[in-house]
Amino acid sequence: MLTADTSPQSLAMAGGKLWFGYTVGSSGGIGSLDVASPAPAATVVPSGRYWYYAPALASSPADPNVLVAGEEGVSPATLAVYDTATGGLQKRTERLFTSSPSISYLNDFAVTADGQNIVVAANNPNDHQIVRLSDLSSNGSYSSWQFPNAVAVATDGTVATGASGDFVKTYRPGSTWPSFHEYAVNDLQRDGLAWAPDENRLFAITGLSYGSAPTLHVLPDAGKLDTTLSFQAPATSRKGKDLAITGWLSAAEPLPAGTTVEVTRTDAEHPSGTPVGTFSISTATGEFMFTEQPRQTGDITYTATYKGDGQHMPATTQTTVTITK
């Protein structure tokens with residue numbers, strides 16, 4: 001039973017309940033709250049182990065009955081995985097990380113979007129470790145310079161890692177190298193990363209370590225892939241003759257069917273530009289093509305623009321062709 005001096009410190013949803021790690025007196029524990037009940041009541045739930053401090057909690061919609069608990073700030077670190085389907089805590093596995101990998105002074109952890117792995121941020125080692133949720137065995141790492149202290153996973157699987165002595169980095173689902181975005185965020189705080197609901201903005205909390213006030217940083221487009229536009233066109237072409245231009249739009253992952261690129265033309269007749277057309281790219285190659293028959297001599301500049309979408313950054317490119325008689 002909870003008492004007046006109980007101090008809840010972390011939250012996670014699993015098995016249809018809200019779970020919380022708490023401290024009371026000189027020890028910690030795990031409790032739950034049935035949020036679907038017309039009269040929710042917080043209760044202590046036996047976890048099968050002694051916690052020195054309030055355990056941090058994490059879960060994943062990919063396996064909604066699983067709850068992961070970890071004790072932060074101790075050496076070596078401990079993680080425990082529970083099944084909550086029956087309303088209690090049925091321990092699946094537990095590990096004290098003394099070797100392979102050796103993990104100490106846990107700062108943060110998160111379950112990957114597919115529910116298969118846990119990404120761990122701890123003072124030691126200097127990399128964000130990945131362990132399998134099934135048995136807590138090692139499954140790789142994300143490179144960091146020193147003192148990993150934060151990790152956040154978007155629902156699409158994008159992973160954000162942070163360290164007090166390194167950049168904030170984002171990684172595509174299933175990839176641990178290279179990072180596809182890096183942000184210089186000084187004095188990142190423990191557990192200081194979170195994704196916005198749109199999964200593109202990343203929030204980071206800095207400050208406190210050196211007596212400064214905490215600061216919220218909004219890192220835009222952290223979940224979007226960079227895109228590249230390019231043109232292939234002749235340096236010169238003759239007036240009235242077919243001028244064929246090919247372009248490519250590319251990204252680290254395939255662009256969706258129906259993706260289009262807008263092209264405009266700037267020349268002596270249209271110094272502010274005029275539309276050439278909107279062209280669909282090939283889903284296989286990203287290629288698009290168009291043909292014109294210029295009516296005037298002089299330089300023509302073609303500009304291609306991709307407006308971007310929920311997963312891809314906008315891009316633009318230009319090419320200039322000199323039209324001769």
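One is the number of the first residue; the rest follow in order along the sequence. Excluded from the calculations below are hydrogen atoms, water molecules and symmetry mates; all remaining heavy atoms, backbone and side chain alike, are included. Since the model is a prediction, treat every value here as computed from it, not as a measurement.
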Does the side chain of [Y] come within less than 4.5 Å of [X]'s, by heavy atoms?
X: T170; Y: W195; result: yes
X: V153; Y: V111; result: no
X: T264; Y: H270; result: no
X: F147; Y: N107; result: no
X: Q189; Y: D187; result: yes
X: E72; Y: D191; result: no
X: F97; Y: L106; result: no
X: F288; Y: L229; result: yes

Determine whether [X] and [Y] fall in the same hydrophobic cluster, where Ile, Leu, Val, Met, Phe, Trp and Tyr are linked whenever their side-chain heavy atoms lie under 4.5 Å apart.
X: L57; Y: V45; value: yes
X: M313; Y: L225; value: no
X: V151; Y: L193; value: no
X: W19; Y: V35; value: no
X: M13; Y: V66; value: no

Is the backbone N or O of [Y] less than 3.5 Å from a side-chain atom of [X], with the two atoms forming a donor-acceptor pair by type?
X: T316; Y: A304; result: yes
X: S37; Y: A39; result: yes
X: H128; Y: G162; result: yes
X: S179; Y: E182; result: no
X: S10; Y: P55; result: yes

So, taking the atom named [atom1] in [X] and the one named [atom2] in [Y], what distance separates them when rounded to the nearest 0.5 Å?
X: K224; Y: D309; atom1: NZ; atom2: CG; value: 7.0 Å
X: S134; Y: D63; atom1: OG; atom2: CG; value: 11.0 Å
X: Y82; Y: Q90; atom1: OH; atom2: CD; value: 10.5 Å
X: T84; Y: L67; atom1: OG1; atom2: CG; value: 6.5 Å
X: T291; Y: D242; atom1: OG1; atom2: CG; value: 6.0 Å
X: N117; Y: I130; atom1: CG; atom2: CD1; value: 6.5 Å

- Task: List the steps and the verdict of side-chain contact (heavy atoms from CB on, under 4.5 Å) for E71 and R49.
- Result: CA-CA 11 Å; E71 198 157 41; R49 64 160 286 119; 3.8 Å; yes

- Message: Using the ring centroid of each side chain, check whether F231 and Y302 are separated by less than 6.0 Å.
- Response: no

Looking at [X] and [Y], what are the two nearest heavy atoms and their distance?
X: A62; Y: G115; answer: CB-N, 3.6 Å
X: V321; Y: A233; answer: CG2-CB, 4.0 Å
X: A150; Y: L188; answer: CB-CD2, 4.0 Å
X: P125; Y: S102; answer: CD-O, 3.2 Å
X: I30; Y: S47; answer: CD1-CB, 4.1 Å
X: H181; Y: A222; answer: CD2-O, 3.4 Å

- Query: What do the steps show when you test F203 against L216 for side-chain contact (heavy atoms from CB on, under 4.5 Å), and what is the final call?
  - Reply: CA-CA 7 Å; F203 300 139; L216 172 66; 3.9 Å; yes

- Please report the C-alpha distance between T246 and E287 in whole Å, then the side-chain angles of each, then the deciding distance to 0.1 Å, and finally whether the side chain to side chain donor-acceptor pair (under 3.5 Å) criterion is met. CA-CA 7 Å; T246 303; E287 184 180 274; 5.4 Å; no

- Message: Just by distance, no angles: are the side chains of T236 and T322 close enough, under 3.5 Å, to form a donor-acceptor pair?
- Response: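 T322 and T236 do not have a side-chain donor-acceptor pair below 3.5 Å.
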
- Task: Check the pair D127, S144 against side chain to side chain donor-acceptor pair (under 3.5 Å), reporting the backbone distance first and the verdict last.
- Result: CA-CA 5 Å; D127 295 329; S144 301; 5.2 Å; no

- Message: Please verify the inter-ring angle class for F20 with Y22; under 30° counts as parallel, over 60° as perpendicular, anything in between as tilted.
- Response: tilted

- Test side chain to side chain donor-acceptor pair (under 3.5 Å) on T227 and H312 and set out the steps. CA-CA 6 Å; T227 54; H312 299 88; over 6 Å; no

- Item | CA sep, side-chain torsions, deciding dist, call: R95, T78, side chain to side chain donor-acceptor pair (under 3.5 Å) | CA-CA 6 Å; R95 184 177 176 192; T78 297; over 6 Å; no

- Message: Using the rule given for side-chain contact (heavy atoms from CB on, under 4.5 Å), can you reason through T93 versus L133, listing the C-alpha separation, both sets of side-chain angles and the distance that settles it, and then say yes or no?
- Response: CA-CA 9 Å; T93 187; L133 188 140; over 6 Å; no

- Message: For F290, is the CZ atom crowded, meaning more than 12 foreign heavy atoms sit under 6.0 Å from it?
- Response: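 Yes, because the 6.0 Å sphere around CZ of F290 holds more than 12 heavy atoms from other groups.
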
- Item | K239, NZ atom: more than 12 neighbouring heavy atoms under 6.0 Å | no

- Test S143 against W177 for side-chain contact (heavy atoms from CB on, under 4.5 Å), laying out the working first. CA-CA 8 Å; S143 176; W177 189 89; 5.5 Å; no

